[in-house]
2 protein chains.
Amino acid sequence: MTQQAKSPRRAGHGIKTPLLTVDSVLFSYHDKSLKILLVRRSSDPEKGKWGLPGGIVDIDIDDDIEATALRKLVEKTSVEPPYLDQLETIGNRGRDPRGWSVTVCYTALIAHQACAQHVSTVSDVRWVELDAALKMKLAFDHREIIGIARERQRQRALYSISSGYALAEEFTLAELQHLHELLIGKPIQKRSFRRRIEQAGLLIDTGKKRQEGGRPAALYRMKPESITHRFVRNLEAS
Amino acid sequence: MTQQAKSPRRAGHGIKTPLLTVDSVLFSYHDKSLKILLVRRSSDPEKGKWGLPGGIVDIDIDDDIEATALRKLVEKTSVEPPYLDQLETIGNRGRDPRGWSVTVCYTALIAHQACAQHVSTVSDVRWVELDAALKMKLAFDHREIIGIARERQRQRALYSISSGYALAEEFTLAELQHLHELLIGKPIQKRSFRRRIEQAGLLIDTGKKRQEGGRPAALYRMKPESITHRFVRNLEAS
DNA sequence: GCTCCTTAGTGACTATTAGACACTAAAAGA
DNA sequence: TCTTTTAGTGTCTAATAGTCACTAAGGAGC
C-alpha cells in the first residue's frame, strides 16, 4: 500500500488531478523589523503546526487563483493587501502526506497596523520575525517557500522600491531605507538611495513631518507607479 | 445546465480540484529570426487548433511539475532543452471550456538544430516566427501566455544573456547581439554589448572561427553561470 | 540662551559602466 | 591592389551609484 494511493482525486473522464492550494508569504515592517504572517493549522495534515496563510482553491467560490489568495488573506487579516505578486508554483509527490499536491505561492505586502487589531484578537495568527520564521519547523515545505520569497524580495530591493508597501501608509525615507537594508543584508548609501527615488519621482510628499529624537523627517506615501518602476542600475550587490 | 458542471473532478474526501496542465513557450533562434514551437491539437477541446506544447500533469508518471514540462517537450522535440524556467501560473473558470482549469507555464530555450530533424518529420509540430504566432488564433489563452513569455524575455535581455540558449551550441557575438535586438526591439551598441560580456567572462571561446562575407568571427559557447548572471546595469530601455 | 546630541537632508567629488562612433583587422572578389 | 563586407577595438562622453563631509532642525541639560 503506497502512500500516494490514499485519496486519489479522479475526474469524470478519468483524470486524476492533484490537490491544488495557494500559499502567501505576507510581509510587513514593524518595530524596525521585517515580519511575516504565520497561521496555526487547525486541521490535519500537520494540525497544530504553524504555516503560511493559504488553503485549497475552491472552484465554486474563486474566479481565479489570485482570488483564492486574497480570500485566504482576508480571512486571516480582515483586509486586502495593496501588493500581491505571484512567486512560484511548487508541485510534487512528496510535499504533502496526502499525495501529489500543488501550491501556487504569492508574495504579499501590507502595512502592519492595517491588520494589527484583527490579528491581535486571535491566537492562531501571528506575526513572526522573518529570520525567526526561517528557523522554525513549519508545515509542509513552507520554510522553503519563505526562503524563496525572501530571496526574491532581496533581489527586487536592488532595483525597485515596491517593498515599501510593507511599511505604514505614511513613512519616512529612513524607514524605507532601513527596510531595504534588512532585505539586502547590508547598509545602503543614504545619498544614493534618496537621489534615485527623488529623480524618478516615486513618492508623494504628504507635507507632514514626524519627529523622534532629532530633526523631524518628512512623511511620504507610495505612488502606484513605484510598484512597476525599475531603476536602470542596481544598488551595490552584497 | 451550466458549462463548468460537465466534468467535476472530485477527490475521495470531497474536494473538487481543477484540471492541471503545463504549457511551455519554447524559443529558438534560426535564420535570423526568433521562433517558438507550436503543436496542432489532436483531441478536443480545441481539436485541430495550434497551441503550446504541453499537457495534463500525470501524477502517476511525473515526480514534479517540471517533469511534466520536460516530458511534454521531449515528446514533441525528442530532446530536453538546456534552459527551462517557470513563467507564471494561470488558473480561472473561463480559460478552458471544460471548466475551472490551471496551467503552469514555462519558458524554454533550445538550439534549433538540436531538434530540427525530429520536428521536420512530423506535421503536427511546427516552428513559427514569434510575431506571427502572436497574430494567430491559438487554443485557449495560449496567445496571451506567449505574450507574457515574450515580455519576460525582453526584460531579461536588458540585464542577462541567458537567452543565448536559444542559439546554436556554438555562435558568434553578432548572432547573440541580434537575438537580443530582436527581443528588446531596438539596436544595441556593439561595444557596450561585447564589453560587459567579456568583463563578466560569461562565454567560452571555442577557438574556432566562422566566416560569411567578411572577416571570420570567433565562435563561442555559453558558460553555465551565464544563466544566472545579472549585469548591475541595464542596457538602454526601449 | 548656549552647548551638545540626535536624526534629517544636501553638496560635491569619485568610481563604475553604458553610449557613441570612428578606427583598425581580416577575409573575398573584381 | 582596390573595394566591399563583416569582426573587433580605442577612446571619449554621459548617466548614475559610492563616499563622506557638511548643514539643518529639533530636544535635553545647564
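Letters A, B, ... mirror the listed sequences (proteins, then strands); counts begin at 1.
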Gap between atoms CD1 and P, on Ile188(B) and dT17(C) respectively (whole Å): 18 Å
Test: Arg71(B) and Glu75(B) ion pair at under 4.0 Å: yes
Distance in angstrom units between Lys209(A) NZ and dG27(D) P, rounded: 14 Å
Leu173(B) CG to dT9(D) P, straight-line distance once rounded to whole Å: 9 Å
Test side chain to side chain contact (heavy atoms under 4.5 Å, CB included) applied to Leu37(A) and Thr77(A), step by step: CA-CA 9 Å; Leu37(A) 193 79; Thr77(A) 67; 3.6 Å; yes
Selected nucleotide, minimal atom distance to Ala217(A) side chain, candidates dA17(D), dA8(C), dG8(D): dA8(C)
Gln189(B) CD to dA14(D) P, straight-line distance once rounded to whole Å: 14 Å
d(CD, Gln199(A); C1', dG11(C)) in whole Å: 15 Å
Donor-acceptor pair under 3.5 Å, Arg195(B) side chain vs dG19(C) base: yes
Rounded distance in Å - CG (Asp205(B)) to P (dG8(D)): 9 Å
Arg156(B) side chain to Ser162(B) side chain, donor-acceptor N/O pair below 3.5 angstrom: yes
Closest nucleotide among dA20(C), dA7(D), dA17(D) to the Ala174(B) side chain: dA7(D)
Atom-to-atom span, CD of Glu236(B) to C1' of dA14(D) - whole angstrom: 11 Å
Nearest-nucleotide comparison on DNA chain D, the residue closer to the 5′ end among Val232(A) and Tyr220(B): Tyr220(B)
Of the listed nucleotides dT19(D), dA27(C), dT17(C), the one nearest the side chain of Arg233(B): dT17(C)
Interatomic distance where CD belongs to Gln211(B) and C1' belongs to dG8(D) [whole Å]: 15 Å
Value rounded to 0.5 Å, distance of NZ in Lys186(B) from CD1 in Ile184(B): 8.5 Å
Look for any protein N or O under 3.5 Å of an N or O in nucleotides 21-24 of chain D and output each such pair with its distance, or none.
unit_1	atom_1	unit_2	atom_2	d
dA24(D)	O4'	Arg215(A)	NH1	3.1
dA24(D)	N3	Arg215(A)	NH1	3.2

Separation between CG of Leu87(B) and CG of Asp23(B), rounded to the nearest 0.5 Å: 10.5 Å
Spacing of Asp63(B) atom CG and Thr68(B) atom OG1 [to the nearest 0.5 Å]: 9.5 Å
Distance flag, aromatic centroids of His180(B) and Phe193(B), threshold under 6.0 Å: yes
